[in-house]
Amino acid sequence: MSSLSGKVAIVTGASSPDGIGRAIARRLAREGASVFVVAEGTRGELEEAARECSMLGASRAGHAVFDLAQEGAAEDMVKEAEKLFGRIDILVNNAGVRARKKFGEFTRQDFNHAIAVNLAAPFFASQAVVPIMRKQGGGRIIHIASQMGMVTHECRAVYGLTKAGLIHLAKSMAFELGADNIIVNAISPGPILTGHIAELIAKEPELGRKRLEYIPAKRFGKAEEIAELAFFLASTPATFLQGANLLIDGGYTTH
């Protein structure tokens, strides 16, 4: 029997074929989990993601479009997943947006949108799923944060602020929910070669070279490497691991 057979996982931000969310959904599917993939306004990609998960071994696969920046969307997502699958064992809060501007140039709209997607959506999705997990006897919640929640870089003030908040949220939730067997942790990826990063480097090759100077591993990370860590947190029997922020950045923050 696969290690996640009988488990149900929600993965947000799972539409992009080369993104972290999609890689996590594939990894959980390979272990037999039922997977509910969610993203904003990309129904075709989500349908393909669900088909892919089914082909890889997911017990069941579903998808839905939700704009998690909208009030109530995170809670509605959880309700739909429970209605479709009957339970929720794993919540991966991966959906996120970037806001790259120099400090002093951010608008209130930039700020509010980043907070809504990167921080409020994981907060309220988690609140919505907790009663379900309590009723089942436990569950796993994984926040996909960022190394930028711990270090800083030009044009990352708002993005880093939201990811630092997400790391703190993991700790706060673990403190309050550990006794209910709801295991909460965060993952903080460093530079991962997703489509977004590849496009940036193609436009600005010097940016790619400069980033590599900071990475002792001398390469960018792969979405599949983040997925392996997410699978570990979703399945490990080492449940004393609670409220942790697991940094996976090729050594970027060692100096």
Side-chain angles (χ1 to χ4, degrees), residues 4 6-15 20-22 24-25 28 33-43 46 49-50 53 58-97 112-145 162-163 165-187 230 233-235 239 242-245:
L4 293 178
K7 304 294 186 182
V8 174
I10 299 174
V11 183
T12 69
S15 60
I20 290 172
R22 184 81 161 259
I24 292 172
L28 301 182
S34 293
V35 182
F36 187 58
V37 290
V38 177
E40 176 194 357
T42 49
R43 191 173 299 278
L46 284 170
C53 287
S59 298
R60 295 174 63 194
H63 67 278
V65 174
F66 282 100
D67 179 359
L68 294 176
Q70 300 302 311
E71 186 174 336
E75 295 93 331
D76 289 344
M77 171 189 72
V78 171
K79 287 177 186 175
E80 186 162 335
E82 186 187 24
K83 182 179 179 182
L84 183 63
F85 295 101
R87 61 183 295 121
I88 302 168
D89 302 278
I90 302 159
L91 171 63
V92 182
N93 289 308
N94 169 72
V97 295
N112 289 344
H113 187 242
I115 292 291
V117 177
N118 295 1
L119 192 53
F123 184 97
F124 288 105
S126 298
Q127 281 204 150
V129 85
V130 161
I132 299 167
M133 290 182 173
R134 278 187 174 135
K135 183 173 62 177
Q136 296 166 180
R140 309 288 176 102
I141 299 175
I142 303 164
H143 300 314
I144 306 300
T162 63
K163 294 303 185 176
L166 202 52
I167 293 166
H168 181 82
L169 179 62
K171 295 179 182 296
S172 295
M173 289 174 59
F175 182 77
E176 295 197 42
L177 303 175
D180 296 316
N181 196 34
I182 299 173
I183 312 302
V184 187
N185 291 290
I187 297 173
L233 290 177
S235 62
T239 56
Q242 301 189 23
N245 175 44

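Counting begins at 1 with the first residue of the sequence. What's counted below: heavy atoms across the whole structure, side chains too, no hydrogens, waters or symmetry copies.
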Original post:
Minimum heavy-atom separation for Leu28 to Ala234, with atom names?
Top reply: CD2-CB, 4.2 Å

Original post:
Quick one: does Asp67's side chain have a donor or acceptor within less than 3.5 Å of a partner on Glu40's backbone?
Top reply: no

Subject >> Where Val117 and Ala69 come nearest, the two heavy atoms and their spacing >> reply: CG2-CB, 3.6 Å

Subject >> CG on Leu84 to CZ on Arg60, rounded to 0.5 Å >> reply: 5.0 Å

Subject >> CZ on Phe36 to CD on Glu80, rounded to 0.5 Å >> reply: 4.5 Å

Original post:
Just by modelled atom types, is the Ile88 backbone N or O under 3.5 Å from a matching donor or acceptor in the Gln136 side chain?
Top reply: yes

Subject >> Nearest-0.5 Å distance, OG1 of residue Thr42 to NE2 of residue His63 >> reply: 9.5 Å

Original post:
Quick one: does Lys163's side chain have a donor or acceptor within less than 3.5 Å of a partner on Ile144's backbone?
Top reply: yes

Original post:
So, Asp89 side chain and Ala9 main chain: donor-acceptor pair closer than 3.5 Å or not?
Top reply: no

Original post:
So, does Asn94 use its side chain to make a donor-acceptor pair with the main chain of Gly13 at under 3.5 Å?
Top reply: yes

**OP:** Look only at the side chain of Arg134 and the backbone of Asp180, and say whether a donor-acceptor pair between them is shorter than 3.5 Å.
**Re:** no

Original post:
Taking everything shown except Glu176 itself, do over 12 heavy atoms lie less than 6.0 Å from its CD?
Top reply: no

Original post:
Taking atom CD1 of Ile24 and atom CD1 of Ile142, what is their separation to the nearest 0.5 Å?
Top reply: 7.0 Å

Subject >> Spacing of CD1 belonging to Ile187 relative to CG belonging to Asn93, to within rounding of 0.5 Å >> reply: 11.5 Å

